[in-house]
Amino acid sequence: MNRTKDSSTSLRIAIQKSGRLTDKTINLLHGIGIEFDNYKRNLMVKTRNFDVELLLLRDDDIPEYVQDGICDLGFVGANEVFEKDADVSVLRGLNYGRCRLSIAAPKNGDLQVAEDFEGKTIATSYPFLTNKFFEDQGVNVDLVEISGAVEITPQLEVADAISDLVSTGGTLIANGLQELFTILESETKLIQTNKELSPGKQKLVEKFLVRIDGYQQAKKSRYIMMNAPEDKIELIKDIIPSMKSPTIVPLAKTQMVAIHTVIPYDKFWQVMEELKSAGASDIVMLPIESMIL
Ligand code: PRT
Ligand code: ZN
């Protein structure tokens with residue numbers, strides 16, 4: 001299904017139609033200012049204010065659609081990209097849809113280390129990655145390819161063990177299974193076709209990436225504001241974990257200033273206590289919509 005001619009000018013982006021990645025991907029697209037409606041009813045959605053059309057697909061199909069140039073970009077789990085061995089470029093990791101592909105076997109059973117799996121049967125929806133894992137270990141296994149409810153197969157004696165996605169591990173425990181090895185750590189990736197894009201489209205991809213980077217940076221950052229006595233400015237500047245110099249504005253009240261800056265979110269609580277001890281008051285933290293550095 002190769003797209004032979006890159007004739008259209010709008011970027012075509014594949015996203016999951018309905019599943020675990022859908023809401024977060026839609027939120028991200030809205031978060032970078034791309035407006036559209038009716039994605040639940042249509043397979044193809046035109047956006048109103050960016051030259052982008054969205055194709056809503058099953059996640060399994062996204063790597064191939066992007067590989068073949070039917071779509072220029074795609075949002076999909078690394079698990080699908082690597083299972084399909086797709087010839088695409090991974091542009092960004094997006095820090096959602098995190099999970100891992102793991103081998104699990106009945107708890108406290110005979111299967112504990114890789115060699116124990118010699119000649120055993122493994123149920124999976126990820127035959128390519130699972131096979132590669134055992135091949136690399138020099139262990140021969142039989143694979144049973146199953147598209148859902150993989151965790152139940154050892155109880156049904158369809159397989160001795162499984163290779164499946166895990167996030168909390170709750171499903172494994174509920175089925176009496178124990179996670180033994182991780183084959184792949186996964187998150188949602190933004191992928192691009194390796195087919196050549198027209199210069200116009202390549203420019204759009206770059207614009208799109210600037211927005212994604214701004215959005216991701218903003219998610220990791222917080223805007224903080226505080227009041228402080230003038231003679232504490234230097235002390236406070238030393239505490240603030242910011243690459244850039246803070247904004248300092250005099251307050252109507254004498255010898256007091258307002259200090260504004262952006263800090264990494266994961267440092268906020270620790271820094272807030274230090275700032276307070278250093279004399280800062282009225283500390284306010286705000287989320288940031290986007291940040292273009
Ligand atoms: O219909 P379509 O083919 O598009 O969707 P799908 O049903 O194949 O996929 P979907 O929507 O379930 O998952 C989409 C993507 O989300 C996956 O390809 C992963 O990249 C990612 N993801 C993140 C997960 C999980 N976490 C996850 N926990 N996908 C599936 N699971 C399943 C897992 O297979 C197992 O059955 O959840 C169960 C385990 O969850 P825990 O929390 O009990 O460990
Ligand atoms: Zn799927």
Side-chain angles (χ1 to χ4, degrees), residues 11 13 15 20-37 39 47-52 54 73 75 90-99 167-168 185 187-190 202-293:
L11 271 186
I13 304 182
I15 68 172
R20 287 168 195 262
L21 307 183
T22 307
D23 285 352
K24 289 209 165 124
T25 306
I26 298 282
N27 288 345
L28 188 155
L29 291 168
H30 285 320
I32 62 171
I34 295 177
E35 290 169 14
F36 51 92
D37 314 302
Y39 67 90
T47 63
R48 289 199 291 272
N49 58 342
F50 199 91
D51 214 354
V52 159
L54 303 175
L73 300 177
F75 288 86
V90 174
L91 299 182
R92 294 291 185 275
L94 297 168
N95 204 23
Y96 65 89
R98 285 194 175 279
C99 57
S167 49
T168 62
E185 294 283 354
E187 65 175 343
T188 307
K189 302 285 188 191
L190 173 63
Q202 194 53 49
K203 269 211 176 102
L204 274 179
V205 170
E206 279 147 30
K207 267 173 84 174
F208 192 75
L209 285 179
V210 168
R211 292 192 186 196
I212 298 251
D213 291 343
Y215 180 83
Q216 298 231 93
Q217 190 62 41
K219 284 252 166 258
K220 288 190 277 181
S221 308
R222 290 295 182 274
Y223 194 83
I224 58 167
M225 304 184 283
M226 71 206 84
N227 295 337
E230 255 171 14
D231 61 353
K232 298 287 194 258
I233 293 176
E234 287 311 313
L235 184 59
I236 286 176
K237 270 165 81 176
D238 285 346
I239 297 170
I240 293 172
S242 172
M243 306 287 282
K244 302 230 168 106
S245 190
T247 305
I248 298 179
V249 191
L251 289 183
K253 201 171 157 191
T254 52
Q255 283 147 7
M256 288 290 284
V257 292
I259 301 175
H260 292 204
T261 194
V262 172
I263 63 163
Y265 177 52
D266 57 2
K267 300 259 167 59
F268 174 73
W269 292 106
Q270 179 205 333
V271 166
M272 196 265 293
E273 281 156 20
E274 288 176 35
L275 290 170
K276 229 168 162 287
S277 317
S281 57
D282 306 310
I283 305 170
V284 174
M285 174 184 75
L286 299 171
I288 303 171
E289 288 271 321
S290 191
M291 254 173 91
I292 309 299
L293 297 175

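Note that these values count all heavy atoms, side chains included, but never hydrogens, waters or copies made by symmetry.
Once rounded to the nearest 0.5 Å, the distance linking CD of Gln217 with CD1 of Ile288 reads 8.5 Å. How far CZ of Arg20 is from OG of Ser167: 6.0 Å, rounded to the nearest 0.5 Å. The distance from the CD1 atom of Ile263 to the CD1 atom of Ile239 is 11.5 Å, given to the nearest 0.5 Å. From Asn27, atom CG reaches atom OG1 of Thr22 across 10.5 Å, with rounding to the nearest 0.5 Å. A distance of 12.0 Å separates CD1 of Ile15 from CG of Leu73, quoted to the nearest 0.5 Å.
Note on Asp37 versus Arg48: salt bridge recorded, some NZ/NE/NH1/NH2 to OD/OE distance being below 4.0 Å. In summary, Lys276 and Glu274 do not engage in a salt bridge, as defined by a charged side-chain N under 4.0 Å from a carboxylate O. Under 4.0 Å is where a charged nitrogen must lie from a carboxylate oxygen, and between Glu206 and Lys203 no such pair does.
Here the side chains of Asp213 and Arg92 are in contact, with some heavy-atom distance below 4.5 Å. Looking at heavy atoms from C-beta onward, Leu204 lies out of side-chain contact with Val52 at the 4.5 angstrom threshold. Inter-residue side-chain proximity for Tyr265 and Lys219 is flagged as unmet; no heavy-atom pair is nearer than 4.5 Å. With contacts defined as side-chain heavy-atom distances shorter than 4.5 Å, the pair Ile224/Met272 does not qualify.
Across Ala278 and Ile236, no two heavy atoms sit closer than the pair CB-CG1, 4.2 Å. Scanning both residues, Ala218 and Arg222, for their nearest heavy atoms gives O-NH1, 4.1 Å. Closest non-hydrogen pair, Pro241 versus Lys267, comes out as CG-CB, 4.0 Å. Pro246 and Thr261 make their closest contact through CB-CB, 3.9 Å (heavy atoms, listed as atom of the first residue, atom of the second, distance). When all heavy atoms of Gly279 and Pro229 are compared, the closest pair comes out as O-CD, 3.4 Å. Looking at every heavy atom in both residues, Ser290 comes nearest to Gly214 through OG-C, 3.6 Å.
With hydrogens and angles disregarded, a donor-acceptor distance shorter than 3.5 Å links the side chain of Gln216 to the backbone of Gly93. Remark: the backbone N or O of Tyr96 is paired with a side-chain donor or acceptor of Thr188 at under 3.5 angstrom. Side-chain atoms of Glu187 come within 3.5 Å of backbone N or O of Asn95 as a donor-acceptor pair. Listed for the Arg211 side chain is a donor-acceptor partner under 3.5 Å among the backbone atoms of Ile32. With hydrogens and angles ignored, the 3.5 Å screen pairs a side-chain donor or acceptor of Asn49 with a backbone N or O of Glu35.
A cation-pi arrangement is present between Lys207 and Phe50, with the terminal nitrogen or guanidinium carbon under 6.0 Å from the aromatic centre and inside a 45° cone about the axis.
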Intermediate values then yes/no, side-chain contact (heavy atoms from CB on, under 4.5 Å), Leu91 and Ile212: CA-CA 11 Å; Leu91 299 182; Ile212 298 251; over 6 Å; no
One pair to check against side-chain contact (heavy atoms from CB on, under 4.5 Å): Leu29 and Phe208. What are the steps and the verdict? CA-CA 10 Å; Leu29 291 168; Phe208 192 75; 3.8 Å; yes
Let's go through Met225 and Leu286 carefully: what are the C-alpha distance in whole Å and the side-chain angles of both, what is the deciding distance for side-chain contact (heavy atoms from CB on, under 4.5 Å) to 0.1 Å, and is it a yes or a no? CA-CA 8 Å; Met225 304 184 283; Leu286 299 171; 3.7 Å; yes
Take Lys24 and Leu94, measure what side-chain contact (heavy atoms from CB on, under 4.5 Å) needs, and give me the verdict at the end. CA-CA 10 Å; Lys24 289 209 165 124; Leu94 297 168; over 6 Å; no
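Checked options Thr247, Leu275, Ile240; the residue passing with Ile259 is Ile240 (criterion: side chain to side chain contact (heavy atoms under 4.5 Å, CB included)).
No more than 12 heavy atoms of other residues, nucleotides or ligands sit less than 6.0 Å from atom CD of Glu289.
Ring planes of Tyr223 and His260: perpendicular class, angle over 60° (limits at 30 and 60°).
Tyr215 is linked by a ring pair (Phe, Tyr, Trp, His ring centres under 6.0 Å) to nothing, counting only residues two or more places apart in sequence or in another chain.
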